[in-house]
Every structure is written in C-alpha cells, then in structure tokens.
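This is a predicted model, so every value here is computed, not measured. FYI, side chains are in, hydrogens and waters are out, and symmetry mates aren't considered; it's all heavy atoms of this structure.
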Amino acid sequence: MNQQRSGVGFGAANRFVSEIAAASSNPSALKAGYVFAGDEVFLYERCRKAVLKAFVPDEMRDFCLSEMDLTEHSIFEVLDRARTPSLMAPFQVVFVRNLKQLYTRGAKKDEFAEIDRYFSSSNPQALIIFVADHIRIPADPRRMEMEDKAKFDRLRETLGDHCGIVELARVEESDAMRWVATTAQEQGTKMDPDAVRELVDALGSDMMLIASELEKLLLYSLGRTGAPTDRSSSVGIIGRITLGDVETMVLSAKQRSLYELTDAISAKDRPRALALLHGLLNSSDAGEDAAIGHLYMLARTFRQMLVILEKNVRDSRAIWQALWQGFRMPPFAADDLIRQARRYKNRRDLTRALRLIARADLELRSSPPDKRIVLERLIYDLASEPKPFPSTFASPQLTFEG
C-alpha cells in the first residue's frame, strides 16, 4: 500500500504543519484527508490550529468548519457533508471525532466501501480530518501495546491509501526539554538547564501542563525585568528563569491546578467545585478560551483515577507502576489522586464522568454562545450523585478512553 506516513511525535507534527502551511497557498497539493493517530493532545492542538489558520478564517468559521462525532453521525453523513459544496464558503474542513466507532463489532463493509468511493473522486474544496485518539502511541513506537498496534494496523489498512497518517506519539523527555528551552529563547528568555529539567520532571513530561506552566514562568520572568510580554526572538535575551523560579511557580501551581477541583468533585461538594471552577476561569489569562485545556486535564485526571481504581492502587509507591510514562501526575499529586479515586464506588461512576466530559468537549468545539455555562453545567453534573441507570442501559464508548 502507498501509505502516507508522517513519522512520530514532534517530527510528525512539524511536517504536517509545514505541509498545511504550504497548501494554504496551493490547495491542490493538499491530501483529501488526514488521520490524527494518537492521544498526545498537545500535538493534536498544534496540528488543529495549523488547519484552522490555513483554511478557516474567523469570519467564515460557522460556514466552513464542521465538527462531527461518529457516535452521533454516520460515516455516510460525514462524507455527504464533505462532498456537498458550501454556498457560503469556498473551502470546507470537517473534523471527525470518535473514529473508533468505525472499528467496533461488525464488518462495516458498506461504510468502508463508501469511504473508498468518496476518496476515489473526493471534493477538492474539502478536507477531512479523522481523529483517532483511541490509539496510544508511546514515544518509542516499537513499545506500542499489542492492542494499540492492532488498532493502528487496521487504521492503516483501511485509510492508509487515502489519507495522510500523522502519528501523534507521546513526547520523549529529551524532546520536551528541547522544546522548553527553545520556546523560552524565542520569547527572549534564557532558561537554566537545571530549570528546564525540573520543569519537565515535575510535570511528568506532560506537554499540556508543561506548556501552561512555561507560559506563566515566562510572564513572571519578563515581568520581573520590566520587559514587554509580547517578545520576539529578534530582540535578544533579556529574561532568565532559574531552578528556584520553577520550584516556586510550579509547586505553587498545585493551589491553582485542577486537582483541588477534582477533589471537590469526588467529594460531591458542588458549591466548592463551582467556586473553584470560577477561580480557575478568573485566574487564567485566556479566561473561557482555556476551556478546552481545562477539559483535557479533567479527562486525563479521571482516566488516571480509573486506572488507580481498577488496579487497586493504595499508595504512591505503587502508582508509578500502574501509570505508564507520559501518563503520570506530578509527584505532589499522587496521594491526593489516590484518595480521590477511592471515593468512587466502581468503574461505572468514573466512566460516567468521562462520558460527561466527552459530551462537554464536543459542545465546546461546536462554538457555543457561552463556554462558561457549558463548564458550569459539567461541574454541577460531575459533583452530583449519579442517577440510577436502567438495567438496559448500554454504555457508549468514550472520547477520552485510551
């Protein structure tokens, strides 16, 4: 098969971003579809932003961007949307989440035949992005779990001839450190090597957390020197981040992190949970625009609790064996998270929470008029006792499950 593979990790994301940037001025060079394979959300967001910047002008967003979920739409509806020209926009982008629905029980011959038909004569004014975040690709793909490898091989067999496959693998510690140092330098700040290592180690190589805390460190450093915060690399190095800065800022991040929020949620303390949510939104420079990041962290934390509960982890020594590299919490949060996980009676209560978060994620990506209300409703539901499920209830698959 002529599979269009882009590599792994930062390399894959960099190549994809470059390809999209080049295609923005020459759409004929664009592939009709891409698959974002892997659950590295930091790299996913980077690739997504590149697509939106190139093909989705802000003023045309409602007309040329579609967010479709295969738990709610069939692949036939997705392809009909892609092949139907828009009267209001010259180009369409369709993000398709929950791709794993295509690979559930059943042959799905009709679905894959329709995919073949579409890509044999695809709409040149449309781009389909399939999101396969049900597959976990480790930093070293050779160490991929057998189940994930089987899913990935099936993905390549069915979509590899039609789509570019962008492998969003977990980020190596060395790559994370290099990114931190380079990003700081681009913002006019020198970051001491031991400060770089401490930041990456303290946050378990979690790129979403690292990026968030680095932004705060940069603002702190540049504010301390009195320099403007909209720095560019052309002005030179004027700020500095030391090990002491990281220890002070990152450890104090516990007080403003989502771990206090999940503590209130797991304790079913709705007033405290809503107050903490408002504090998070008010303290964030991005305000409501940080909602996707908050949801990502909530989903990640509940997934961690699910593993802790299923593996009956009782102390922080065992947690590092239960949670794989790249999926661990900062060391200071281990005991708190074990305590929170043990408040849940069973797996069903935690998967309910993940379903609620997945639903809110889809709603936020559909550009609701008020993101704060979406988050408030989610926290209210999460901090409420679940209603008894009918005996015939069948749990749908989750967006955030690995």
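- Other residues, nucleotides and ligands contribute at most 12 non-hydrogen atoms within 6.0 Å of the CZ atom of R143.
- Environment of NZ in K108: crowded, with over 12 heavy atoms of neighbouring residues, nucleotides or ligands closer than 6.0 Å.
- Considering only heavy atoms from C-beta on, Y296 stays 4.5 Å or farther from Y44 through its side chain.
- The line from CZ of F76 to CG of D80 is 9.5 Å long, rounded to the nearest 0.5 Å.
- Two residues are said to be in side-chain contact when any heavy atoms from C-beta on lie closer than 4.5 Å; L217 and M191 meet this criterion.
- At a threshold of 4.5 Å between non-hydrogen side-chain atoms, the residues R377 and E363 count as touching.
- Looking only at side-chain heavy atoms (C-beta outward), W179 and I210 come within less than 4.5 Å of each other.
- In this structure, E145 places its CD atom where only 12 or fewer heavy-atom neighbours from other residues, nucleotides or ligands lie under 6.0 Å away.
- With hydrogens and angles ignored, the 3.5 Å screen pairs no side-chain donor or acceptor of R342 with any backbone N or O of I308.
- With values rounded to the nearest 0.5 angstrom, S74 atom OG is found 9.0 Å from E114 atom CD.
- With hydrogens and angles left out, the side-chain atoms of S86 and Q92 include no donor and acceptor closer than 3.5 Å.
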side-chain contact (heavy atoms from CB on, under 4.5 Å) between V96 and I128: does it pass, once the steps are laid out? CA-CA 7 Å; V96 184; I128 302 178; 3.9 Å; yes
Salt bridge (Lys or Arg N to Asp or Glu O under 4.0 Å) evaluation trace for R339 with D263: CA-CA 9 Å; R339 185 184 69 254; D263 181 70; 3.1 Å; yes
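- Ion pairing between D133 and K100 fails under the 4.0 Å rule for side-chain N and carboxylate O.
- L127 is listed as a side-chain neighbour of F91, based on a closest heavy-atom distance under 4.5 Å.
- Checked by atom type and distance alone, the side chain of T351 pairs as donor or acceptor with a backbone atom of R348 at under 3.5 Å.
- Within the 4.5 Å cutoff, the side chain of L99 has no heavy atoms near those of the V131 side chain.
- No cation-pi contact links R83 to Y118, judged by a cut-off of 6.0 Å to the six-membered ring centre and 45° from its axis.
- We find the CZ-CG distance between R355 and L350 to be 11.0 Å, quoted to the nearest 0.5 Å.
- Of the possible polar contacts, none joining the E198 side chain to the G244 backbone as a donor-acceptor pair under 3.5 Å is found.
- The environment of R81 atom CZ is sparse: at most 12 non-hydrogen atoms of other residues, nucleotides or ligands sit within 6.0 angstrom.
- Salt bridge absent: E147 and R136 never bring a charged side-chain N and a carboxylate O closer than 4.0 Å.
- Counting non-hydrogen atoms of other residues, nucleotides and ligands closer than 6.0 Å to CG of N346 gives a total above 12.
- Here R372 does not pair with D370 in a salt bridge; the nearest charged N to carboxylate O distance is not below 4.0 Å.
- Annotation for L199 and E213: closest pair CD1-CB, 4.1 Å, computed over non-hydrogen atoms.
- The distance from the CG atom of D361 to the CG atom of L354 is 11.5 Å, given to the nearest 0.5 Å.
- Taking each heavy atom of S221 and T189 in turn, the nearest pair found is OG-CG2, 3.7 Å.
- In terms of modelled atom types and a separation under 3.5 Å, the side chain of D192 and the main chain of D194 share no donor-acceptor contact.
- Side-chain atoms of I379 and L261, non-hydrogen and from C-beta on, do get closer than 4.5 Å to each other.
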Working for side-chain contact (heavy atoms from CB on, under 4.5 Å), residues K151 and Y103: CA-CA 8 Å; K151 293 175 182 177; Y103 302 94; over 6 Å; no
Between V17 and K49, does the side-chain contact (heavy atoms from CB on, under 4.5 Å) criterion hold? Intermediate values first, please. CA-CA 9 Å; V17 169; K49 287 177 181 176; over 6 Å; no
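- With respect to the salt-bridge test (charged N to carboxylate O, under 4.0 angstrom), the residues R170 and D39 qualify.
- We find that E173 and R197 are joined by a salt bridge, their nearest charged nitrogen and carboxylate oxygen being less than 4.0 Å apart.
- One finds the CG atom of L70 at 9.5 Å from the OG1 atom of T104 (value rounded to the nearest 0.5 Å).
- In this structure, E385 does not pair ionically with K268, as no charged nitrogen and carboxylate oxygen lie closer than 4.0 Å.
- Proximity of a side-chain donor or acceptor of E45 to a complementary backbone N or O of F42 within less than 3.5 Å is not detected.
- Ionic pairing of D349 and R352 is not present here: no N-O contact between side-chain nitrogen and carboxylate oxygen is shorter than 4.0 angstrom.
- By the 4.0 Å N-to-carboxylate-O rule, E19 lies close enough to K31 to be salt-bridged with it.
- Geometrically, R365 does not engage F95 in a cation-pi contact, judged by NZ or CZ lying under 6.0 Å from the ring centre and within 45° of the ring axis.
- With hydrogens and angles ignored, the 3.5 Å screen pairs no side-chain donor or acceptor of K53 with any backbone N or O of A21.
- By the 4.5 Å heavy-atom criterion applied to side chains, C64 and V93 are not counted as neighbours.
- Although no hydrogens or angles enter the test, the distance criterion places a donor-acceptor pair under 3.5 Å between the side chain of S25 and the main chain of A22.
- Salt-bridge formation is not detected for the pair D245/R240: no Lys NZ or Arg NE/NH1/NH2 atom is positioned less than 4.0 Å from an Asp or Glu carboxylate oxygen.
- Side-chain atoms of S384 and D381 include no donor-acceptor pair closer than 3.5 Å.
- Smallest separation of non-hydrogen atoms from S24 and A54: CB-CB, 3.7 Å.
- Taken from CG in L309 to CZ in R347, the straight-line distance is 9.5 Å, to the nearest 0.5 Å.
- Looking at every heavy atom in both residues, A181 comes nearest to V196 through CB-CG2, 4.3 Å.
- Of the possible donor and acceptor atoms, one in the side chain of N14 sits under 3.5 Å from a partner among the backbone N and O of F10.
- Residue M60 comes nearest to M88 through the heavy atom pair CE-O, 2.7 Å, listed as atom of the first residue, atom of the second, then distance.
- Of all the heavy atoms in A176 and V171, the pair that sits closest is N-CG1, 3.6 Å.
- Between E215 and Y220, the side chains place no donor N or O within less than 3.5 Å of an acceptor N or O (distance only, hydrogens not considered).
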side-chain hydrogen bond (donor to acceptor under 3.5 Å, both in side chains) between T262 and Q340, intermediate numbers included: CA-CA 8 Å; T262 55; Q340 293 173 30; 2.7 Å; yes
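- Side chains of N98 and H134: a donor-acceptor N/O pair is absent below 3.5 angstrom, by distance only.
- A salt bridge links E67 to R48: one of the charged nitrogens lies within less than 4.0 Å of a carboxylate oxygen.
- Between Y34 and F130, the ring centre distance reaches or exceeds 6.0 Å.
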Between D148 and I137, does a side-chain contact (heavy atoms from CB on, under 4.5 Å) hold up when you go through it step by step? CA-CA 8 Å; D148 286 315; I137 304 177; over 6 Å; no
